[in-house]
Amino acid sequence: MAEPPQKIVVRFAPSPTGYLHLGSARTGLYNYIFARRNAGHFILRIEDTDLSRSTDEAILQIVSSMREMGLEWDEGPEAPGAHAPYRQTERQPIYHEYIEKLVGSGQLYACFCTPEELETERQAAQAEKRAWVYSGKCRALPAEDAERRRAAGEPWTLRMRVPPGKTVFHDLLRGPVEFDNDTFGDFIVQRSDGTITYNLAVVVDDVSMEISHVIRGDDHISNTPKQVVIYEALGAAVPEFLHMPLLFGTDKKKLSKRHGATKLEQLTAEGFLVDVVRNYLCFLSAEFDESMIAWTLDDLVEKFDVLKLGTSASIFDPEKLRWMNGRFIRQLGDVELGERLEEYLTRVGFYREPAAVEVLAKAGPEALAAAVEGAESAHAPALPPDEEQEGLTRILAPLVREKMDVLADFIPMAGWFFRPLAFGDEAVERLQATPSAAEVLREAAVVLAGLDVWAVERIEPLVRELPQRLGVKPKAVFAALRLGMSGQSVTPGLFESLWVLGRDDAVGRLSTAAALL
RNA sequence: GGCGCAUUCGUCUAGGGGCCUAGGACGCCGCCCUCUCACGGCGGUAACACGGGUUCGAAUCCCGUAUGCGCUACCA
């Protein structure tokens, strides 16, 4: 790898207007990977210039989502460093310092046009189907006049004196991108209330934080020439830009609540694993490689090249994520799967009320996620498994591994082990529809009760010889037993399930079911 | 309206002038395996937005058009 020409410093700058959605999370991820990969520095900055929409709560959420993904920052909230502070609201003095500089060098000028005047101009332009850019009316106002009007209390803004010509910047993914300066004209950098405008704030932050590479969504491409103009006015080095393609929902619109899960926490509540979500997010806009499903963050840093990203927007596909999650689960060892399951089931409150959570799980992932969120915001303590539940979870883990895509799948599949036998109407009907069910159940109970060593290898042959002995089709025997022990038609392997129940419970359940018919 | 970015199977993508009668993955369909559901295996379905060039030859280069998205604010 070529020696980096300078110290690499990147930043991720979300605005705290809500939770961190997957699109932003992805931007954070790429920044992190790029920084680590190049032995660079990663700064987390909070763009809370928009006071009305920013909340401290949101900052906390962002911080926690970043941590959950393992994206540690070198500098930022809770990790102060040389470039503090990290909230734009706390950086006002810095902005004004730079503003002074620009005013001093004549790059900025005061504009007294009122919003109404500008609006009129804009409307006129629109009526003529003409592009509107600021006319530059106040551009040549003599300094004395400006001073006098200011003193008189007239409201004014500060505009950038944009030079004529073109502005070209380099994009790491697309090469040179060119804009005509007169397509945007002299833009405002300081509002009449003295606050600073977005484009100025970003540039000042990036300059003062010595950012070398700006990695952000491609919705910022159009802002970039204005920012470059500011860099140049400041005499600062223009960083490299990498505008990454946006992430859309299945309807090709920006990801929003309507698309189901749009934040990490919701996905994990539905039983997706962060490891997988991270890799999925990373590999959108890049060539898929099956081996990457199990990659760790460190693997991504080592092997994933942000410069190889595609340039067109991609759509978030929950189906593929689900498949990837299943693949990931299947390559997990017994112990680790057991741990993950335990952690997950605790979080969704399964151990507290298995039956109730089972109902939720059957209602769908959204219901489950909503319940988790509700519990967490109410700060209800998660109830860890008792000894018996823990043992059961561990034993079951390898038996359900092949059947799960998300951890939540465990609940409908194996939830019945954790509660007393119960039959729904459908289960009873199925049982009654199964030939000789009562006889099969009774006979199986008797045979199993007589088994001295309770092991899968002993249970299986016993059950397998039942069909012939009773003159019933094998399928009917298995179906009756499955329904009889669990009350449902989908379970882990039959012999293993009987074994997990233990002799007494298994025999008891089968007898109970038989009595029902 | 102006400017910009984008445009290969339904979705994520490979492809950077001949290797492409366009490859892989998810999904979907079928078959096999099988005690249910799955896993797994095998096979199939399906795309270069359109129109012009350039070239012996274009998915690949150029120009238009269309579509989508973004910016066009004293939003970020």
Side-chain angles (χ1 to χ4, degrees), chain A residues 13-15 17 47-50 52-54 88 111 113-115 118-119 122 125-133 155-159 171 173-174 177-180 182-185 187-199 201-202 217-226 243 245-246 248 250 252-254 280 283-290 293 310-324 326-327 329-330 400-405 409 412-413 460 463-464 467 474-483 486 488-497:
Chain A
S15 23
T17 53
E47 299 205 333
D48 60 346
T49 308
D50 187 352
S52 60
R53 291 192 298 168
S54 301
Q88 291 188 325
C111 169
C113 298
T114 64
L118 297 173
E119 188 51 35
R122 203 172 291 137
Q126 191 161 36
E128 292 172 46
K129 295 208 162 196
R130 230 179 47 232
W132 180 81
V133 279
W156 50 281
T157 60
L158 243 28
R159 282 186 187 270
D171 185 283
L173 257 26
R174 308 158 221 262
V177 182
E178 185 183 282
F179 286 83
D180 247 307
D182 53 16
T183 57
F184 50 89
F187 54 93
I188 291 175
V189 298
Q190 185 180 96
R191 305 185 185 94
S192 52
D193 64 359
T195 58
I196 247 63
T197 256
Y198 169 75
N199 285 119
V202 199
D218 70 15
D219 49 342
H220 284 285
I221 289 180
S222 302
N223 287 323
T224 309
K226 294 182 200 168
H243 289 102
L246 260 22
F248 289 145
T250 33
K252 305 194 177 195
K253 294 272 165 56
K254 245 183 169 171
Y280 175 73
F283 272 81
L284 273 170
S285 305
E287 186 172 11
F288 179 79
D289 170 2
E290 221 172 286
I293 295 173
T311 47
S312 55
S314 35
I315 292 170
F316 179 78
D317 180 7
E319 283 305 314
K320 189 149 190 180
L321 213 211
R322 171 171 286 273
W323 170 80
M324 275 178 63
R327 288 290 274 225
I329 285 176
R330 265 164 254 136
V400 293
R401 178 169 39 217
E402 307 280 286
K403 301 166 189 277
M404 289 196 301
D405 278 337
D409 293 339
M413 175 74 55
E460 178 162 355
V463 173
R464 283 204 187 275
K475 288 231 184 215
V477 170
F478 295 126
L481 294 182
R482 171 166 283 109
L483 276 159
S486 69
Q488 51 191 57
S489 49
V490 177
T491 68
L494 180 58
F495 316 117
E496 290 81 0
S497 293

Phosphate OP1/OP2 of [N]: any [X] side-chain N/O under 4.0 Å:
{"X": "A:S314", "N": "B:U13", "answer": "yes"}
{"X": "A:R464", "N": "B:C35", "answer": "yes"}
{"X": "A:R327", "N": "B:G40", "answer": "yes"}
{"X": "A:T224", "N": "B:G4", "answer": "no"}
{"X": "A:R191", "N": "B:A76", "answer": "yes"}
{"X": "A:R122", "N": "B:C74", "answer": "yes"}
{"X": "A:R330", "N": "B:G40", "answer": "yes"}

Would you classify [X] as touching base, sugar-phosphate or nothing, given that sugar-phosphate means primed atoms plus P, OP1 and OP2, and contacts are heavy atoms under 4.0 Å?
{"X": "A:K129", "value": "sugar-phosphate"}
{"X": "A:G326", "value": "nothing"}
{"X": "A:E128", "value": "nothing"}
{"X": "A:T491", "value": "base"}
{"X": "A:Y198", "value": "base"}

The side chain of [X] lies closest to which of these nucleotides: [options]?
{"X": "A:F495", "options": "B:C5, B:C37, B:C35", "value": "B:C35"}
{"X": "A:D317", "options": "B:A6, B:C39, B:C26", "value": "B:C26"}
{"X": "A:E287", "options": "B:U72, B:G1, B:U13", "value": "B:U13"}
{"X": "A:K475", "options": "B:U36, B:C26, B:A76", "value": "B:U36"}
{"X": "A:E402", "options": "B:A38, B:G27, B:C35", "value": "B:A38"}
{"X": "A:M413", "options": "B:A76, B:C37, B:C69", "value": "B:C37"}
{"X": "A:S192", "options": "B:G4, B:A76, B:C74", "value": "B:C74"}
{"X": "A:A131", "options": "B:G2, B:A76, B:C69", "value": "B:G2"}
{"X": "A:D219", "options": "B:C5, B:C35, B:G70", "value": "B:G70"}
{"X": "A:S15", "options": "B:C37, B:A76, B:C74", "value": "B:A76"}

Any-strand Watson-Crick or G-U partner of [N], both distances under 3.5 Å:
{"N": "B:U55", "answer": "none"}
{"N": "B:C19", "answer": "none"}
{"N": "B:A46", "answer": "none"}
{"N": "B:G40", "answer": "B:C32"}
{"N": "B:U7", "answer": "B:A66"}
{"N": "B:C75", "answer": "none"}

Is any N or O donor-acceptor pair between the side chain of [X] and the base of [N] shorter than 3.5 Å?
{"X": "A:K403", "N": "B:C37", "value": "yes"}
{"X": "A:T197", "N": "B:C74", "value": "no"}
{"X": "A:R482", "N": "B:C35", "value": "yes"}
{"X": "A:D289", "N": "B:A25", "value": "no"}
{"X": "A:S222", "N": "B:G70", "value": "yes"}

Find which nucleotide of RNA chain B each of A:E496 and A:R174 is nearest to by heavy atoms, and output the residue with the more 5' nucleotide.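 The residue closer to the strand's 5' end, by nearest nucleotide, is A:R174.
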Identify whether the distance between the nearest side-chain nitrogen and carboxylate oxygen of A:D171 and A:R174 falls below 4.0 Å.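 Judged by the 4.0 Å cut-off on N to carboxylate O distance, A:D171 and A:R174 do form a salt bridge.
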Are A:R322 and A:D317 close enough for a salt bridge, meaning some N to O gap below 4.0 Å? no
As an exercise, state the distance from CD of A:Q190 to OG1 of A:T197, rounded to the nearest 0.5 Å.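 So the CD of A:Q190 and the OG1 of A:T197 are separated by 9.0 Å.
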Flag, side chain of A:S15 to backbone of A:T17, donor-acceptor distance under 3.5 Å: no
For salt bridge (Lys or Arg N to Asp or Glu O under 4.0 Å), just list the numbers for A:R401 and A:D409, CA-CA rounded to whole Å, side-chain angles, deciding distance to a tenth of an Å, and then say yes or no. CA-CA 10 Å; A:R401 178 169 39 217; A:D409 293 339; over 6 Å; no
Any A:F187 side-chain heavy atom under 4.5 Å of A:N223 side chain: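 SC-SC contact between A:F187 and A:N223 ruled out.
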Lys/Arg cation over aromatic A:F283: A:K320, 6.0 Å, 45° cone: no
